[in-house]
Amino acid sequence: MTSGNVMPKTKTCNELLSLFSKLNRTERAWVLYADMFRLKIKSSVKEFLGFMEILGIKPTVVTYSTIIHGFCLRGRVGGAHMIFSAMKGRAVQPDSYTAFGYSDEMVKKGIMPTVSSYNLLIHELFMEARASEADCMVREMEEKGMVPDAITYNILINGYCRSGNAKKAFILCDEVLRKGIEPTKETYTSLIYVLSKRKGMNEADDLLEKILRKGVLADLVMLNALIDGHCANGNMERAFSLLREMDKMKVHPDEVTYNTLMQGRCRAGKVEEARELLDEMKRRGIKPDYISYNTLISGHNKRGDMNDAFKV
DNA sequence: ATAGGGTTAG
């Protein structure tokens with residue numbers, strides 16, 4: 001639990017604790033020993049499964065999903081894919097990872113991928129920019145009679161938005177609505193983000209209005225993305241009117257909001273006005289970060305007034 | 001029980 005660079009989440013800890021509480025004293029000693037031991041060796045997952053086996057605790061699909069997640073977080077993508085293949089009963093290369101049950105033995109033990117396991121892998125494929133394979137995964141799920149859930153769709157929509165494929169993202173959003181799944185505010189943020197990046201500011205504004213009408217509360221990240229779109233397209237008036245709307249909606253702007261606005265003003269050659277925003281954010285108790293200063297310094301630099309750049 | 005989620009510079 002303590003090894004590695006990934007902090008366990010509360011729920012994970014609860015899981016381990018509940019596991020722990022089911023053990024007798026000797027077994028607890030073994031687990032503690034295992035944990036201590038894991039700090040000194042690399043193959044912690046193998047060890048963990050090994051001790052589980054010794055203790056007669058059978059891993060479930062959740063155990064393996066948790067392991068897949070851990071591998072993804074640590075960038076051990078190959079391992080993640082292999083465990084998933086093993087869950088599907090596909091023969092995997094008999095190497096060190098298969099030693100403790102990552103093999104087609106899993107199917108015999110009744111370990112089959114769930115929607116959650118698929119979601120893990122679909123997300124991983126998007127992180128690796130392997131969108132078409134992610135699509136195949138969804139089809140594979142559906143062929144097996146599994147139903148993609150809201151999380152599956154959020155992964156897909158966000159993935160396509162990040163790669164700039166707005167069309168595909170909107171098609172998926174329609175599909176979600178058709179299926180009666182309620183998109184979340186994060187889904188809409190992804191869509192506003194992609195519209196803003198693709199200069200579709202009218203559509204982005206319309207979408208925000210539609211969302212608000214639906215009763216979904218606008219939030220900071222969503223509005224920041226929209227403000228950035230307007231700044232990038234030189235519509236500073238609209239950007240600032242959104243800032244005022246934020247205040248009205250009691251959504252408190254943060255350093256990202258102000259950095260975005262400062263950048264917009266710098267881009268328009270209004271470095272002094274951008275500098276005023278630095279004071280304004282300080283007055284409002286928002287702490288400028290390194291991006292705030294970089295933005296102003298490079299704004300001055302572009303104009304060649306190095307003295308002012310140093311004053312920032 | 002495990003899984004997803006967003007914004008700013010260069």
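Numbered from 1 within each chain, the chains take letters A, B, ... in sequence-line order. Values below: every heavy atom of this structure, side chains too, minus hydrogens, waters and symmetry copies.
The side chain of Val62(A) lies closest to dT2(B) when the candidates are dG6(B), dG10(B), dT2(B). With dT8(B), dA1(B), dA3(B) as the candidates, the nucleotide lying closest to the side chain of Asp228(A) is dT8(B). The side chain of Gln263(A) lies closest to dG10(B) when the candidates are dG6(B), dG10(B), dA3(B).
In the interface, the side chain of Asp219(A) is paired with the base of dG6(B) through a donor and an acceptor atom under 3.5 Å apart. Judged by atom type and distance alone, Ser65(A) reaches the base of dT2(B) through a side-chain donor-acceptor pair under 3.5 Å.
In terms of phosphate contacts, His69(A) brings no side-chain nitrogen or oxygen within less than 4.0 Å of OP1 or OP2 of dT2(B). One finds a side-chain N or O of Lys302(A) lying less than 4.0 angstrom from the OP1 or OP2 phosphate oxygen of dG10(B).
Taking a 4.0 Å limit (strictly below) on heavy-atom distances, residues 244-251 of chain A does not reach DNA chain B anywhere. For the segment residues 264-295 of chain A, the set of residues with a heavy atom within less than 4.0 Å of an atom of DNA chain B comprises Tyr290(A), Ile291(A), Asn294(A), Thr295(A), in numerical order. Near DNA chain B, meaning a heavy atom under 4.0 Å away, the residues from residues 116-124 of chain A are Ser116(A), Asn119(A), Leu120(A), His123(A). Taking every heavy atom of residues 160-172 of chain A and every atom of DNA chain B, pairs under 4.0 Å involve Arg162(A), by number. A heavy atom lying under 4.0 Å from DNA chain B marks the following residues of residues 189-201 of chain A, by number: Thr189(A), Tyr193(A), Lys197(A).
Listed by chain and number, the residues in a ring-ring contact (aromatic ring centres under 6.0 Å, His included) with Tyr118(A) are Phe84(A) (sequence neighbours excluded). Legend: residues meeting side-chain contact (heavy atoms from CB on, under 4.5 Å) with Thr184(A), ordered by chain and number and at least two apart, are Asn154(A), Glu186(A), Thr187(A). Taking the side-chain contact (heavy atoms from CB on, under 4.5 Å) definition, one finds that Ala218(A) meets it with Leu208(A), Leu212(A), Met222(A), Leu223(A), Met249(A), sequence neighbours left out. Residues passing the side-chain contact (heavy atoms from CB on, under 4.5 Å) test with Arg303(A) are Val271(A), Glu272(A), His300(A), Asp305(A), sequence neighbours excluded.
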Could you give the side-chain donor-acceptor pairs of residues 132-139 of chain A under 3.5 Å, partners two or more places apart or in another chain?
| from | atom 1 | to | atom 2 | distance (Å) |
| --- | --- | --- | --- | --- |
| Glu133(A) | OE1 | Arg130(A) | NE | 3.2 |
| Glu133(A) | OE1 | Arg130(A) | NH2 | 2.7 |
| Glu133(A) | OE2 | Arg130(A) | NE | 3.0 |
| Asp135(A) | OD1 | Tyr160(A) | OH | 3.1 |
| Asp135(A) | OD2 | Tyr160(A) | OH | 2.6 |

Please tabulate, for side-chain N and O atoms in residues 169-182 of chain A, each donor-acceptor pair with protein atoms closer than 3.5 Å (sequence neighbours left out).
| from | atom 1 | to | atom 2 | distance (Å) |
| --- | --- | --- | --- | --- |
| Glu175(A) | OE2 | Tyr153(A) | OH | 2.8 |
| Lys179(A) | NZ | Tyr153(A) | OH | 2.8 |

Considering only distance and modelled atom types, tabulate donor-acceptor pairs under 3.5 Å from the side chains of residues 251-261 of chain A, sequence neighbours left out.
| from | atom 1 | to | atom 2 | distance (Å) |
| --- | --- | --- | --- | --- |
| Asp254(A) | OD1 | Asn224(A) | ND2 | 3.2 |
| Asp254(A) | OD1 | Val256(A) | N | 3.1 |
| Asp254(A) | OD1 | Thr257(A) | N | 3.1 |
| Asp254(A) | OD1 | Thr257(A) | OG1 | 2.9 |
| Thr257(A) | OG1 | Asn224(A) | OD1 | 2.7 |
| Thr257(A) | OG1 | Asp254(A) | N | 3.0 |
| Thr257(A) | OG1 | Asp254(A) | O | 3.4 |
| Tyr258(A) | OH | Glu280(A) | OE2 | 2.7 |
| Tyr258(A) | OH | Arg284(A) | NH1 | 3.1 |
| Asn259(A) | OD1 | Ser292(A) | OG | 2.7 |
| Asn259(A) | ND2 | Glu255(A) | O | 3.2 |
| Asn259(A) | ND2 | Asp289(A) | OD1 | 3.1 |
| Thr260(A) | OG1 | Val256(A) | O | 2.6 |

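Going from atom CG of Leu296(A) over to atom P of dA9(B) covers 13 Å, rounded to whole Å.
In this structure, Leu207(A) CG and Met201(A) CE are separated by 11.0 Å, a value rounded to the nearest 0.5 Å.
Using a 4.0 Å heavy-atom distance criterion, Met262(A) is classed as making no nucleic acid contact.
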